[in-house]
There are 4 protein chains.
Amino acid sequence: MSTAAHVESAVTDPKLIEERRGQIVRAAVKLFSEEGFYTTTIQQIAREAGVSTGLIYQYFKDKDDVLFLALKLVLETYEHEIPPRLEGIKHPVERLCMALSAYCFIVDGLKQATVLAYRSTKSLRPDRRTLVKEDELRTNRLMEACVRACVARGYMCRVNEYLLAYQYVMFAHAWALKNWALRGRYSLAKYVSEGVRLLIEPFLTEKGCAALDAIRRRNGDFSREAGAAHQKPRRGRNAEAV
Amino acid sequence: MSTAAHVESAVTDPKLIEERRGQIVRAAVKLFSEEGFYTTTIQQIAREAGVSTGLIYQYFKDKDDVLFLALKLVLETYEHEIPPRLEGIKHPVERLCMALSAYCFIVDGLKQATVLAYRSTKSLRPDRRTLVKEDELRTNRLMEACVRACVARGYMCRVNEYLLAYQYVMFAHAWALKNWALRGRYSLAKYVSEGVRLLIEPFLTEKGCAALDAIRRRNGDFSREAGAAHQKPRRGRNAEAV
Amino acid sequence: MSTAAHVESAVTDPKLIEERRGQIVRAAVKLFSEEGFYTTTIQQIAREAGVSTGLIYQYFKDKDDVLFLALKLVLETYEHEIPPRLEGIKHPVERLCMALSAYCFIVDGLKQATVLAYRSTKSLRPDRRTLVKEDELRTNRLMEACVRACVARGYMCRVNEYLLAYQYVMFAHAWALKNWALRGRYSLAKYVSEGVRLLIEPFLTEKGCAALDAIRRRNGDFSREAGAAHQKPRRGRNAEAV
Amino acid sequence: MSTAAHVESAVTDPKLIEERRGQIVRAAVKLFSEEGFYTTTIQQIAREAGVSTGLIYQYFKDKDDVLFLALKLVLETYEHEIPPRLEGIKHPVERLCMALSAYCFIVDGLKQATVLAYRSTKSLRPDRRTLVKEDELRTNRLMEACVRACVARGYMCRVNEYLLAYQYVMFAHAWALKNWALRGRYSLAKYVSEGVRLLIEPFLTEKGCAALDAIRRRNGDFSREAGAAHQKPRRGRNAEAV
DNA sequence: AATGAATGAGTGTTCATTCAT
DNA sequence: TATGAATGAACACTCATTCAT
């Protein structure tokens, strides 16, 4: 549905397809992110990708298709880059904190692309839009699973897991969407540690808080900045769940 | 700066200007919301507004200018419609809850326009973009003021007020931005009451919680659905601040 | 179905529409006739018509639509220009001869356009193609009616009127289609008089032949060339019909 | 002049050339016939012929050259397929009737290709167009020779042999060109027998008519349909020629 | 003040043709 | 010989903007 298989003389070599598509989509993400979908021309993408205009139509059905794969690339980055960053982490609370942190750091690396997703998803044809939304939902479920693990193991009190997970997602996205308002006030690290304080800590049980304290002692408040952990505020105390 | 004062044959009668602009901008908001900025043509706006294409250029400098005023209209709706809904409400906790609720209800009535703001703000020329952002910040400060009042009066523990206020904003916006994912799960009323539970209640002091309980007994959980308040979960208890 | 009513800002003034359409279609017929449909660009038509490219799309849906009206113009010329040339002519045999002659003369003035019709009718969308064919059929019926009148009045023996009429049509068209082969051998007048000899005379009854002879004495063999009638060959004699 | 001899890396083996060309031209005739010259792409021809796009340019100079050979193939089919069908037929009247019949049957098998010839000959470069026209003239001469033989042997009265032969050609072509109008009224066989009645019989001498009658008794009115000959109409009687 | 016809630069897309392999 | 990926010029069509009325 996203391929150029319908194109008269579509390319057949799978390796080449992968390479060219990547090449073109990367150029597209860059330009769409900077200038927006409608103001970026196919010719610009071609030039940025170092190919001819015609070539793009051997790998994509139309401009919409380029956008689709560009957005998929971004959305899949979220989905694929969080798990590796959780690897080896056992403790549910630490996993949750890391998931939030990871999401924010990934978004930080894709700030413009994240904004692009918000700007341009509606420009997609409905069927493709649906597919992109499914990508987003999968990432949401990743976050939700972290929440559930905390609740299941008694580190977090009962909450609306779905909605809380969505807050994490929005919190990460906001780093890109509202970067113009946030970057003057917070470093990314600070933003993440504040996020933990606002959106995780209040829902932890005593046991969960204890775990979080331990983690902070080790990891420094999820902040890479030295001393970022010094300002220990009063935090929510939740009774043991169940 | 947004006017068409530079236009050759600009109209001079201020009353007429206001009327025509409103007429055109309302049409623009409708069409931009439905179809997006780039896919809406000036001719469509003219037809929707019941005027000629040429007329638009007597009241706006260019298409960008129409977008600018359209976005301003949306952003100012947030800013202007929240205060009246808080009128007469004295208790800081209730004000905060009502502010969140009001924001969500306003967004609900402007779902597409809210999405439009996210899609199209970057399409504005930088100077106009800045002005739109300032509109948003003013609304943020409205929310922030509500938080501060709660903290000042000891209903809420010390928090990062700026960021918490931003969570409220994002939470309201999310009702529009992620409506496709949320509407199947929550009614608006339920969404709001869950918002209170996730983003307000955890930060309340005991005193604040007591106040919230009282409000809920009166107002029914900020939910219009009968019995929506029945599922009272364990909620955060915060020690008195300071 | 051929209008530009679907166009965003189609023109509304009927007088203007007629004028502009005529202006553009005339340019199109000229260029399509000379260069063919596919090798003629919209820009060329615009230039030839003395208008801008964009204007064409205010009066035509697409290039196909221009072709459609161009072909209709040609086909309707046949249909509309034959009757006036028969006006005042009473005798069925003379009417038939004049019809054939008129058709050939009209085709002579539209040689390239006639070739265009053969080249490009298949390039039309099926529904429009059908409409053009109906135009052609109406002209055929004009010819057929002339044949029928001759038969009914006993000037012509019973024949397959439909097919004979079609021979007249093809004979006239051939003057355009095969002009490259014919123009070296015959003048148009000679061609017409040979047509009468081949496709009318053989089917005349004695009475019909007598009438034809009288007509020729008056009109000079349907040939404007002096002496074109000198080579009187043996011709078909048909018994009285019925 | 039609070859690809000028092509950089032209193929030299004559046998291969013949084979490849045939393969490609057959595919081209099929596609051009169905879709037209301009709407058929070289890539489609390549796929239909089961070769690569590049290969076509080793056997043809350009797309125009493919069209040229495609049209030649069609035109030569007429020229080459008529004589075999006349083989063994001695009587001039029968030969003439068979020639007309054969032409119609050949056209019937090449309906779309015949239309193609009318659509696309003008798309050829002038020099190539001339060559195609010469092919057509050779077929015309085939028909003309049949007419001449009839006249010479006294079966047909004196006529404009050239033009009559052209009528036969047009009659056959019309079966393709106007098939949309004819196929509802006549079977091919009926069409042919009507053609004999309209374009041959009227010009026969008494001797010729007698011969035709005999032929019909044997061959059934040039119609494959049983009983097609039953409806014997009044037909032209010509006095002996000379 | 208002109209809407006219403009023409700009864009997505196609496809004949080339050429490295 | 044969391939098919790559090219880029060319074209249909759109639409923001202008301006005569």
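Residue numbers start from 1 in every chain, and the chains themselves are labelled A, B, ... in the order their sequence lines are given, proteins ahead of strands. Here the structure is a predicted model, which means the values were calculated and not measured.
- Here the nucleotide nearest the side chain of A/Thr53, chosen from E/dG12, E/dA2, F/dG8, is F/dG8.
- Going from atom CG of A/Asp62 over to atom P of E/dT14 covers 8 Å, rounded to whole Å.
- Taking the nucleotide of DNA chain E with the nearest heavy atom to each of B/Arg20 and D/Thr39, the more 5' of the two is matched to B/Arg20.
- Checking D/Thr40, D/Thr53, D/Val25 one by one against D/Ile45, the side-chain contact (heavy atoms from CB on, under 4.5 Å) holds for a single residue, D/Thr40.
- In this structure, C/Tyr57 does not reach the F/dT14 phosphate: none of its side-chain N or O atoms is under 4.0 Å from OP1 or OP2.
- Atom CD of D/Gln44 is separated from atom P of F/dG4 by 17 Å (rounded to the nearest Å).
- For D/Phe37 and E/dC15, the CZ to C1' distance is 12 Å, given to the nearest whole Å.
- Each of B/Leu55 and A/Asp13 lies near DNA chain F, and the nucleotide nearest A/Asp13 is the one positioned closer to the 5' end.
- Comparing F/dT3, F/dC15, F/dA5 by their closest approach to the side chain of D/Val51 singles out F/dT3.
- Spacing between atom CG of A/Asp65 and atom P of E/dT14 amounts to 12 Å, rounded to whole angstrom units.
- In this structure a side-chain-to-backbone donor-acceptor pair under 3.5 Å is present from B/Gln23 to B/Ala49.
- Closest-nucleotide positions on DNA chain F for C/Tyr38 and B/Gly54 were compared, and the one nearer the 5' end corresponds to C/Tyr38.
- Between E/dA1, F/dA2, F/dA6, one nucleotide has an atom nearer to the side chain of A/Val11 than all others, and that is F/dA6.
- Taking atom CZ of residue A/Arg21 and atom P of nucleotide F/dA5, one finds them 13 Å apart after rounding to whole Å.
- Residue-level contact check: C/Ile42 touches the backbone only, with heavy atoms under 4.0 Å from sugar-phosphate atoms and none from bases.
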Test A/Arg129 against A/Val132 for side-chain contact (heavy atoms from CB on, under 4.5 Å), laying out the working first. CA-CA 5 Å; A/Arg129 189 155 63 230; A/Val132 168; 5.7 Å; no
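- Taking side-chain N and O atoms only, D/Tyr59 has a distance below 4.0 Å to OP1 or OP2 of F/dA2.
- One atom, CD1 of B/Ile45, and another, P of F/dC15, lie 12 Å apart when rounded to the nearest Å.
- The pairing partner recorded for E/dA1 is none, the criterion being a Watson-Crick or G-U wobble arrangement whose two distances lie under 3.5 angstrom.
- Pair check for E/dT7 finds F/dA16; Watson-Crick or G-U wobble, both atom distances under 3.5 Å.
- For the pair D/Lys63 and D/Phe37, the cation-pi test (distance below 6.0 Å, angle within 45°) is passed.
- Taking every side-chain heavy atom of D/Thr12 into account, F/dT1 is the closest of F/dT1, F/dC13, E/dA6.
- Nucleotide F/dA2 has E/dT21 as its partner under the Watson-Crick or G-U criteria, with both atom distances under 3.5 Å.
- Using a cut-off of 4.0 Å between Lys/Arg side-chain N and Asp/Glu carboxylate O, C/Lys30 and C/Glu34 are scored as salt-bridged.
- Between the A/Ser120 side chain and the A/Ser123 main chain, no donor and acceptor come within less than 3.5 Å of each other.
- Between the P atom of F/dA12 and the NZ atom of C/Lys61 lies a distance of 15 Å, rounded to the nearest Å.
- For the pair A/Ile17 CD1 and F/dG4 C1', the computed distance is 12 Å after rounding to whole Å.
- Looking at which nucleotide of DNA chain E each of C/Ser52 and A/Gln43 is closest to, the 5′-most match is held by C/Ser52.
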